[in-house]
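Side-chain atoms are counted along with the backbone in the values below, which use heavy atoms only and exclude waters and symmetry mates.
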Amino acid sequence: AGTFTPNAAREDVPVLHRTVNGHPLVWLDNAATTQKPRQVIEALGTYYSSANSNIHRGAHTMAREATEAYEAARAKVAEFLGAPSPDGVIFVRGTTEAVNLVAQSWGRTHLGPGDDILVPVLEHHSDIVPWQQIAAERRARVVPVPLLPDGTIDQNAYADLLSHRTQLVAISHASNVLGTISPVREMTALAHRYGARVLVDGAQAVAHLPVDVTALDADFYAFSGHKIFGPTGIGALWAKPEVLATMQPWQGGGNMIESVEFGRTVFAPAPHRFEAGTGHIGGAVGLLAALEWFSGFGREAVAAYETALTRYAMAALGAVPGLEVLGPVAERVGVLTFSLPGHTPADVASRLDGEGIAVRAGHHCAQPALRHYGLDSATRASLALYNTPEDVDRLVSSLLGLTQQEPAA
Ligand code: PMP
């Protein structure tokens, strides 16, 4: 892999060149959403100004073109994930909808009384709540898999909790609050020994780690377009076609049927049977542009750059008195959630915002993960390929200013 320097990416992303509160913007809220390169913005503009049409139904040129664009995006997602065929790719609104689709559609058929769904304590609420909902309906159980003190998943506990009652394991590839990279391949191999399926939440992984669903042997892989430089409102669920073949549609409507009679409706094959109604066609076009843009830098090279930047940031943050970064020290993505004794996360974020630095304060939709550290709120700075060591320096000098101005109580 070649080397990657962030300036090429920065030049493509217009919003990074604005100021906020009189300072050049430092965008460190990438785990919430990423900024968009002009390639994505232009793809959306071009689609709506010259090619907008519904798909799959009209027998006219633009309907055909829109269908081709939508299916090209599906093929790109498959290629991007290392999936053998586009037939396993279902367009959804994002990771949350993908998990709900699996919970409702797969869960209804495959979960029953006494079955277990294993969910690590570090999961995002969107990888906890849909399982609680379907478990209540099917009288199954959601079983938390504990964490070790460093924020990694306790693999011994995981091995002990797995049993022939386990139907599903739902794991984040990378955590949105602790930065933990889960050993997905190993956890999946173990789950499969018990005949359990594995869903991987890739929301925080796709823009930061090379992903290959075939090598991971995951049954489901979900991600959101907006966290990988694409538009909001579009994402994808990939599933093994043999698993999709065991699932009933979760929503009914147009576009997902073969034929409808009042006596009997025949559903279209996957993936279309899982995409009722008009999809986010423009969003898919934007997602294709985002994946092309991102892939163009070389995913290995970007990951290597981000690993080095994360290491730099961990060391630099260590210079702020009292500051503690949650999660593992090594083997992590650039999600840097920290506590700063004597300063509430809301105060920290507001101080940084005053200097043009965007971070997030709160529970990060991962309350059990924060509780593991005895916290209910924390500040999170999260990196992406266009961030630089200078961004990290601005963050650290602003935090140092805060701690010097008001010594911790
Ligand atoms: N899982 C993880 C790990 C996330 O970080 C997020 C977004 N913060 C989600 C799921 C939910 O993604 P979305 O809101 O795009 O559906």
Once you round to the nearest 0.5 Å, how far does CG of Leu237 lie from CD1 of Ile90? 4.5 Å
Side chains of Leu370 and Leu326 in contact at under 4.5 Å (non-hydrogen atoms): yes
Ionic contact status for Arg264 with Glu261, cut-off 4.0 Å: no
pair Thr34-Tyr386: side-chain heavy atoms closer than 4.5 Å: yes
Could you walk me through whether Arg332 and Asp150 pass salt bridge (Lys or Arg N to Asp or Glu O under 4.0 Å), step by step? CA-CA 11 Å; Arg332 55 140 60 235; Asp150 73 350; over 6 Å; no
Charged N to carboxylate O under 4.0 angstrom, Lys240 versus Asp217? yes
Anything under 30° is parallel, anything over 60° is perpendicular, the rest tilted; go ahead and classify Phe297 against Phe4. perpendicular
Under 3.5 Å donor-acceptor, Asn21 side chain and Asp353 backbone: yes
Quick one about Asn7 and Thr5 (side-chain donor to acceptor, distance below 3.5 Å, no hydrogens or angles considered), yes or no? no
Glu355 and Arg351 ion-paired at < 4.0 Å: yes
CG of Leu352 to CG of Leu402: how many Å apart, nearest 0.5 Å? 7.5 Å
So, Arg165 and Asp115, do they make that salt bridge, N to O below 4.0 Å? no
Test item: Arg380 and Asn176 side chains (from C-beta on) under 4.5 Å apart, heavy atoms: yes
Rounded to the nearest 0.5 Å, how far apart are OH of Tyr70 and NE2 of His280? 9.5 Å
How about Glu324: does its CD atom have over 12 heavy atoms from other parts shown lying under 6.0 Å from it? no
As a quick check of understanding, evaluate side-chain hydrogen bond (donor to acceptor under 3.5 Å, both in side chains) for Thr152 and Thr180, giving each step before the final call. CA-CA 6 Å; Thr152 57; Thr180 312; over 6 Å; no
Side-chain touch Ile171/Leu199, heavy atoms, less than 4.5 angstrom: no
For Arg138, does the CZ atom sit with more than 12 other heavy atoms under 6.0 Å from it, leaving out its own atoms? yes
Non-hydrogen side-chain atoms of Gln204 and Ser172 separated by less than 4.5 Å: no
Looking at Arg38, I want to see if its CZ is surrounded by more than 12 non-hydrogen atoms of other residues, nucleotides or ligands under 6.0 Å. yes
Evaluate side chain to side chain contact (heavy atoms under 4.5 Å, CB included) for Asp393 paired with Thr388, printing each intermediate quantity in order. CA-CA 9 Å; Asp393 294 345; Thr388 61; over 6 Å; no
Verdict with supporting geometry, Val198 and Leu216, side chain to side chain contact (heavy atoms under 4.5 Å, CB included): CA-CA 10 Å; Val198 178; Leu216 294 175; over 6 Å; no
Decide yes or no for Leu168 and Trp131: does some side-chain heavy atom of the first lie under 4.5 Å from some side-chain heavy atom of the second? yes
Would a distance-only check, ignoring hydrogens and angles, find a side-chain to backbone donor-acceptor pair under 3.5 Å from His272 to Phe267? no
Parallel under 30°, tilted from 30 to 60°, perpendicular over 60°: which one fits the rings of His125 and His363? tilted
Check this for me: does any side-chain nitrogen of one of Arg273 and Glu258 sit under 4.0 Å from a carboxylate oxygen of the other? no
In terms of side-chain geometry, is the basic nitrogen of Arg299 or Asp212 positioned less than 4.0 Å from the acidic oxygen of its partner? no
Any Leu25 side-chain heavy atom under 4.5 Å of His23 side chain: no
Return the orientation label for the Phe229 and Phe294 ring planes: parallel under 30°, perpendicular over 60°, tilted otherwise. tilted
Pairwise distance NE2(His110) to CD1(Ile117) - rounded to 0.5 angstrom: 12.5 Å
Do Glu275 and Arg74 sit within salt-bridge range, that is, some charged N less than 4.0 Å from a carboxylate O? yes
State whether the number of non-hydrogen atoms from other residues, nucleotides or ligands found under 6.0 Å of Glu331 atom CD is greater than 12. no
Spell out, as yes or no, whether a donor-acceptor pair under 3.5 Å connects the side chain of Thr166 to the backbone of Leu162. no
Inter-residue atom distance His364.NE2 - Leu178.CG, 0.5 Å rounding: 10.0 Å
Does a salt bridge link Asp29 with Arg360, judged by any charged N lying under 4.0 Å from a carboxylate O? no
Specify the closest pair of heavy atoms between Gly253 and Ala276, including all atoms of both residues, with the distance to one decimal. N-CB, 4.0 Å
Rounded to the nearest 0.5 Å, the CD atom of Gln39 sits from the CG atom of Leu288 at a distance of 12.0 Å
Short question: side chain of His124, backbone of Ser126 - any donor-acceptor pair under 3.5 Å? yes
Modelled atom types, side-chain donor and acceptor of Asn387 and Tyr305, under 3.5 Å: no
Answer with yes or no whether the side chains of Asp347 and Thr344 bring together a donor and an acceptor at under 3.5 Å. yes
Worked check of side chain to side chain contact (heavy atoms under 4.5 Å, CB included) between Ile234 and Val92: CA-CA 6 Å; Ile234 186 78; Val92 288; over 6 Å; no
Nearest non-hydrogen partners of Tyr158 and Ala191, listed with the distance: OH-CB, 3.5 Å
Asn30 backbone acceptor or donor facing Ser382 side chain under 3.5 Å: yes
Please check: side-chain N/O of Asp116 versus main-chain N/O of Leu118, any donor-acceptor pairing under 3.5 Å? no
Shortest non-hydrogen contact between Ser175 and Val335, atoms and distance: O-CG2, 3.9 Å
Is a side-chain donor or acceptor of Thr403 paired with a backbone partner of Leu400 at a separation under 3.5 angstrom? yes
Counting only N and O atoms by type, is there a donor-acceptor contact under 3.5 Å from the side chain of Ser182 to the main-chain atoms of Val184? no
Do Phe223 and His173 have side chains that approach each other closer than 4.5 Å (heavy atoms only, starting at C-beta)? no
Yes or no on side chain to side chain contact (heavy atoms under 4.5 Å, CB included) for Phe338 and Val348, after CA distance, side-chain angles and deciding distance? CA-CA 10 Å; Phe338 57 87; Val348 174; 4.2 Å; yes
Report yes or no: does Ser105 contribute a side-chain atom to a donor-acceptor pair with the main-chain N or O of Gln248 at less than 3.5 Å? yes
Which heavy atom of Gln251 sits nearest to which heavy atom of Met256, and what is that distance? O-CE, 3.3 Å
Do you know the tightest heavy-atom contact between Val89 and Ala236? CG1-CB, 4.2 Å
Expected output: side-chain Thr246 to main-chain Val243 donor-acceptor under 3.5 Å: yes
Considering all heavy atoms, the nearest Met314-Leu336 contact: SD-CD2, 3.4 Å
Only one of Asn100, Leu111, Val102 clears side-chain contact (heavy atoms from CB on, under 4.5 Å) with Ile134; which? Leu111
